[in-house]
Structures are given as C-alpha cells and as structure tokens.
Amino acid sequence: MSDRLNVLKTYKLYVGGKFPRSESGRVYEVTDSKGKWLANAPLSSRKDARDAVVAARKAFGAWSGATAYNRGQVLYRVAEMLEGRRDQFTREVADAEGLSKSKAAAVVDATIDRWVWYSGWTDKIAQVVGGGNPVAGPFFNLSSPEPTGVVAVLAPQESSFLGLVSVLAPVIATGNTAVVVASEKAPLPALSLAEVLATSDVPGGVVNVLSGRTAEIAAPLAAHQDVNAIDLAGADEVLAKDLEIAAADNLKRVLRPQPVDYTETPGTDRLTAFLETKTVWHPTGSLGASGSSY
C-alpha cells in the first residue's frame, strides 16, 4: 500500500464573514523559520482592503449596538473554539516563530487566556472610564465611552498569535469593528483565527483578516476616509511615519508603534485607545419652593 498524499490547506482571506481569494489572484510563499515552505497565502490588494472596510462599516451598527454583556459572551465563545483547536495553533505558532512544541503550546495557552481576559472587560470598561462628573450647578453630568468605529489593525510582525490577539481583542471588545493586516512573514495563525471567528458567534464583518505585504495593504487603509482609527503595531518606523501622515487627512485616531512585551498582562490602554467619550448634561430639576432638588 502506498503512503497517502497530504491534503494541503488552502488559506484564504476573511472578509464580511466569507473566505475569498485575493481579487488580484496573487499569492506569496510562507516559510518557517528555517526557510521551509509551509503554504501559499493570499497577497491582498488595495481592492481587498477597500472591500474589508465596507464589510467592517456594515457590521459596525449591530456590533456596537449590542449589549456589552452580549459582546462578552460572543468573545468568550471564541476562546472556547480556540481551546478546541489548540494543537493546530501550537503547530502553526511553532513553525511561524521557530519555537519548540512546548514553548509554542505555552504561547497558545497565553493567547487563549488573553482572549478570555479581554472578553471579561466588555461590560466593565464603562465603569472604569465613565461615570458621573461633579459640576457647579443643578445638573447631572454623565460621561460614557463609545466605540470609535472601523479600526485598521496592523498585527505585530514577530508575535504571530499572542501579539495578534493582544491588538485585535481590545478593539472589538469595546464595540469597534476591525480590518486586520496579518503579520507579513507569519500570517498563517491569523488566517486560521479567521476560521475560528467564522464558526463562532462573531457576526460577519466584525473582524476582517487580510494577508500580504503590510505596506501595500496599510497605505489605502491609512488614507481611507471611512476608517476611523489605525493601530500601527506592525509597522516599522519609516512606514509608521508615512501612514500617520496619510491618517491625518480625516483625523484618524492613531496608535503609534511602541516596544511591547506581549507576555505581560496588559493594562487598559488598548481598550481606551479606540473609545470616544460622550458627555450628557441634564438639569436636576426642583422638588419644591424650598429649592431642594433631586
């Protein structure tokens, strides 16, 4: 009996809840840390980037309008699905980052824990950064955080899975929708994460995943008038400067790249980076002639 042939996996983009190939038809070779071929990944084009923005905008209303508790349930379901595919992600992270199986497994476990951590913040962040404000007058003054909108996320280049989740999860946990540009040299964990999102409860369009040349995809996203913010985590110094200039055209929020140890427990910085604060004034009214108020 002859040995059976391996069934090679075809990796695709994830846009609007579907798995298209790049409209350009292009692919590029993805190799492991030793240069061994792993797969052909889609080489996204400007058109793919624009399509992803359209999908993210379409999904924003329902996702931002969902209750924070519901978003937390949905994100926790993703963690459940990740746990079930732990072995697959361990293999992909080991290949992508040149790690031993045990070290890659530790990274995957930390990534799943990170996703759970952010899912728990969905209904708590408003209590931390919002609330009543003392004012000099007979008014209620209440501030509450609201999502910014469509956020372009350039995933870290070196941390293909833990870094990816560390920059993506806080964006969607706070009600934004995302267009993710996967690590250029190690996109496979991000493309596999898209399969998990598609088979969990995350609505199509909330997260859109593109692979390819970071600079080529990021340029149209930074200049796009319907992108509200951009996280430059995966950009080098030169590219980040160019993207920041392009982002200024429609006053995008920009999170500049900075040295980050993704193994450390994160604070709330990435949760608050893409939130807007809405403040409402309302007269307290008067209960009677005595001037007492409520």
Side-chain angles (χ1 to χ4, degrees), residues 10-27 41-66 70-71 74-75 77-78 81 115 118 122 146-155 164-165 167-184 187-214 216-234 243 246-247 250 252-253 255 274-275:
T10 301
Y11 288 88
K12 297 182 180 180
L13 307 178
Y14 184 54
V15 177
K18 299 179 181 179
F19 292 94
R21 292 178 170 85
S22 171
E23 63 84 27
S24 67
R26 302 177 303 168
V27 297
L43 192 59
S44 301
S45 67
R46 290 172 174 263
K47 176 65 163 55
D48 295 318
R50 292 194 297 268
D51 289 345
V53 173
V54 171
R57 176 59 62 192
K58 184 176 180 180
F60 176 69
W63 183 246
S64 62
N70 178 247
R71 284 200 301 271
V74 170
L75 295 186
R77 175 61 176 163
V78 174
M81 302 289 284
W115 195 282
Y118 275 118
T122 57
E146 292 190 341
T148 297
V150 175
V151 181
V153 179
L154 309 189
L164 165 72
V165 166
V167 297
L168 169 62
V171 169
I172 61 175
T174 48
N176 299 289
T177 54
V179 177
V180 179
V181 181
S183 166
E184 182 174 332
L188 303 189
L191 297 175
S192 291
L193 175 62
E195 296 173 358
V196 171
L197 298 173
T199 53
S200 64
D201 300 326
V202 179
V206 170
V207 178
N208 305 274
V209 182
L210 306 175
S211 62
R213 310 301 180 203
T214 299
E216 182 180 354
I217 309 169
L221 291 174
H224 202 297
Q225 296 296 301
D226 204 27
V227 173
N228 303 105
I230 186 168
D231 185 341
L232 302 177
L243 297 177
N250 75 332
K252 286 181 180 64
R253 280 187 171 232
L255 186 59
F274 303 115
L275 287 173

Handout entry: Heavy-atom side-chain proximity of T177 to I172 below 4.5 angstrom
Key = no
Exercise for the section: Say whether, by atom type as modelled, one donor and one acceptor occur between the side chain of N176 and the main chain of F274 under 3.5 angstrom. Expected result: yes
Exercise for the section: State whether the side chain of R253 and the backbone N or O of I230 hold a donor-acceptor pair below 3.5 Å, judged by distance alone. Expected result: no
Exercise for the section: Could you tell me whether the side chain of K252 and the main chain of A222 form a donor-acceptor pair under 3.5 Å? Expected result: yes
Handout entry: Which residues share a salt bridge (charged side-chain N to carboxylate O under 4.0 Å, His left out) with K47, sequence neighbours left out
Key = D51
Practice task
Check whether any side-chain N or O of N228 sits under 3.5 Å from a backbone N or O of V150 as a donor-acceptor pair, and report yes or no.
Solution key: yes
Practice task
Answer yes or no: does atom CZ of R21 have more than 12 heavy-atom neighbours from other residues, nucleotides or ligands under 6.0 Å?
Solution key: no
Handout entry: Short side-chain to backbone donor-acceptor contact, E184 and T214, under 3.5 Å
Key = yes
Practice task
Can you sort out the partners of S24 under side-chain hydrogen bond (donor to acceptor under 3.5 Å, both in side chains), two or more places apart, ordered by chain and number?
Solution key: S22, R26
Practice task
Taking T199 for its side chain and E195 for its backbone only, find out whether a donor-acceptor pair lies under 3.5 Å.
Solution key: yes
Handout entry: Pairwise side-chain contact, V179 with V151, heavy-atom cut-off 4.5 Å (strictly under)
Key = no
Practice task
Answer yes or no: is there a donor N or O on one side and an acceptor on the other, between the side chain of N208 and the main chain of A178, under 3.5 Å?
Solution key: yes
Practice task
Kindly say whether S211 contributes a backbone atom to a donor-acceptor pair with the side chain of S44 at under 3.5 angstrom?
Solution key: yes
Problem - 4.5 Å side-chain heavy-atom contact, D48 and L13 - result: yes
Problem - W63 side-chain N/O to G205 backbone N/O, donor-acceptor pair under 3.5 Å - result: no
Exercise for the section: Answer whether the closest heavy-atom distance between the side chains of L243 and L154 falls below 4.5 Å. Expected result: yes
Handout entry: 4.5 Å side-chain heavy-atom contact, Y11 and L188
Key = yes
Practice task
Without swapping roles, check the side chain of R71 against the backbone of A66 for a donor-acceptor pair under 3.5 Å.
Solution key: yes
Practice task
Would you check if V171 and V167 make a side-chain contact, meaning some heavy-atom pair closer than 4.5 Å?
Solution key: no
